[in-house]
Visitor: 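I'd like to ask you about the structure that follows.
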Amino acid sequence: MGQFLPFTKQVLKNLFSAPATTQYPFVAREYPERTRGHVDIDKDNCILCGMCMRSCPPGAINVDRAGKTWTINRFDCVQCGYCVEKCPKKCLSITPGYQEPGPEKVNYSVDVPYEPPKPAAKPAAPAGAAAPAQAAKPAEAPAPQA
Amino acid sequence: MGKRSIVPYGPQHPVLPEPIHLDLVLEDEKVLAAIPSIGFIHRGLESLTSKKDFNEMVYVAERICGICSYMHGMGYCMALEDIMNVEVPRRAEFLRTIWCEMSRLHSHLLWLGLLADGFGFESLFMHSWRLRERILDMFEASTGGRVIFSVNTIGGVLKDMPNDMLKDFVRQLDEMEKEIRDTTSIFLNDYTVKSRLVDVGILTGEDAIRRGAVGPMMRASGINVDMRKNGYAAYNEIDFEVITSNKCDSYARCEVRIGEIFQSIDIIRQAVAKIPDTEINTKVTGMPNGESIIRVEQPRGEAFYHVRANGTKFLDRFRVRTPTFANIPALTQTLQGCQYGDVPLLVLTIDPCISCTER
Ligand code: SF4
Ligand code: SF4
């Protein structure tokens, strides 16, 4: 009989305890602050340098310098955080809250208000370029800090 | 002589969601031989090295597996650190050790659940996974991810765990330890569980060596082998004994893994007590040039990484030998002579991860 006992205790405990699961959707789950849910951009600081676009492993970000937009395909993003690490202006962040499901894969796009410096103002000191240049891109050195 | 037949097992099989195919040669109900075939989900990891640079590969490497993801990322980073002669700060080494052991905890609890599911003990399966859930919560609180952690980088780790978070984790583990002890005692003592595990799937120590088994599979055959004893990360400062068992059967594999659960909790305690206050990563510059071989002990056994770099941002070679791949020959050995009804259970006892195997 002793060999059946180990589980009897557990069975009795289960009978009188509350469920271990959360009653979703009536009770929402709280995410810890570090949860990597989705990528957010602080568009006022973005300088459209394209570093995030070049570093993103699945190629989810598109930075359009001419059209001044920053676009992310959230369905391609794998929440690795590499763009956040690479952004020279630290304007990207990963915040809790997952991408909501939807019937089609829409891109999330923001218009960036950044004004590129006039060509006359020569790209001087490489300000704020924390990361080593990945590819030679002489014409697009990061702009001097505002 | 009974009637011989060949039964195809997998690649779609209810007990194992992952695709492995075995051709089982049966004589009546007895398995005479098992011929495995893999390759259903090959993902071409090596050729990715020509498209993703060596920094991006960290994130690719940790996606080799959804259970040992932490250690795949870490093994890759360790290989690159070795090539680039980077000294990783001590705190990062300790944090890696803690996360490694948390991975082992959740992997073994997951395996216990799957095992219980394999022999049809559903409530035990639920309980194992309920316990595992708390470890995943700890992962989420510390790294931001429950499955893929993305905290490793070449030169250290990206996120620190503040000391009070570490203390809180130890407190939670203390609480869980008792519950885990209750649940695992059912695996070790319950009559029904024992009737499915004891003397099923014998793999002698000699066979284990001959077939090149790794990890708990090897240790359950009485062979003392554990890559952690090589002292990577902070394991050289941690005091632990390799857990082995001489029973050589499925019960022994269960026993070894259960022993390792408590050992992991103990290692985390030791690591938290000893963790120094230093930086958590060093800046790495330049391109890797050279070759390195790294071996780490994953929950499922020894994983092997070979990286060769050529001075550009794309690697020449990146080869991973995962523990399941090494354990497949041992699996075919244990299947010889077993009953047909024990096949799913025996496949489970190697803790298979087919996605790992195929990379
Ligand atoms: S890396 Fe940062 S600053 Fe550069 S384009 Fe991306 S978000 Fe903007
Ligand atoms: S989090 Fe990773 S996958 Fe997502 S956009 Fe940033 S770099 Fe790309």
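Every chain is numbered from 1, with letters handed out A, B, ... down the list of sequences. Since the model is a prediction, treat every value here as computed from it, not as a measurement.
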Visitor: Please lay out, stage by stage, how Glu140(B) and Arg29(A) fare under the test salt bridge (charged side-chain N to carboxylate O under 4.0 Å, His left out).
Guide: CA-CA 13 Å; Glu140(B) 192 176 9; Arg29(A) 181 169 186 270; 2.7 Å; yes
Visitor: Is chain A contacted by the side chain of Phe187(B), its backbone, both, or neither, given a heavy-atom distance below 4.5 Å?
Guide: neither
Visitor: Sub-4.5 Å heavy-atom contacts with chain B: which residues of residues 12-21 of chain A show up?
Guide: Lys13(A), Asn14(A), Ala20(A)
Visitor: Under a 4.5 Å cut-off applied to non-hydrogen side-chain atoms, are Gln79(A) and Ser150(B) in contact?
Guide: no
Visitor: Just give me the residue among Pro32(A), Gly81(A), Gly37(A) that pairs up with chain B most often, heavy atom to heavy atom, under 4.5 Å.
Guide: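 The candidate making the most pairs under 4.5 Å is Pro32(A).
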Visitor: Would you say CD of Glu122(B) has more than 12 non-hydrogen atoms from neighbouring residues, nucleotides or ligands within 6.0 angstrom?
Guide: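 Correct, the count exceeds 12.
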Visitor: Answer whether the closest heavy-atom distance between the side chains of Tyr59(B) and Val78(A) falls below 4.5 Å.
Guide: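 No, every pair of side-chain atoms sits at 4.5 Å or beyond.
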Visitor: Under 4.5 Å from any heavy atom of chain B, what part of Glu33(A) do you find: side chain, backbone, both or neither?
Guide: neither
Visitor: Give a yes or no on whether Lys43(A) atom NZ has more than 12 heavy-atom contacts from other residues, nucleotides or ligands under 6.0 Å away.
Guide: no
Visitor: Heavy-atom count around Gln172(B) CD within 6.0 Å, excluding the residue itself: above 12?
Guide: yes
Visitor: Distance from Glu56(B) atom CD to Cys56(A) atom SG, nearest 0.5 Å?
Guide: 8.0 Å
Visitor: Would you say Glu85(A) and Leu158(B) make side-chain contact, with heavy atoms under 4.5 Å?
Guide: yes
Visitor: For the interface with chain A, which of His127(B), Arg63(B), Lys52(B), Arg130(B) has the highest count of heavy-atom pairs at distances below 4.5 Å?
Guide: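 Counting heavy-atom pairs under 4.5 Å, the top option is His127(B).
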Visitor: Return the set of residues passing salt bridge (Lys or Arg N to Asp or Glu O under 4.0 Å) with Asp174(B) (not counting sequence neighbours), or none when no residue passes.
Guide: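 If we apply the salt bridge (Lys or Arg N to Asp or Glu O under 4.0 Å) test to Asp174(B), skipping adjacent residues, the hits are Arg269(B).
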Visitor: Which heavy atom in Gly145(B) sits nearest to a heavy atom in Arg36(A), and how many Å separate them?
Guide: N-NH1, 3.6 Å
Visitor: About how many Å separate CZ of Phe139(B) and CZ of Arg34(A), when rounded to the nearest 0.5 Å?
Guide: 13.0 Å
Visitor: Considering only heavy atoms, which portion of Leu188(B) lies under 4.5 Å from any heavy atom of chain A: side chain, backbone, both, or neither?
Guide: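 No part of it gets close to chain A.
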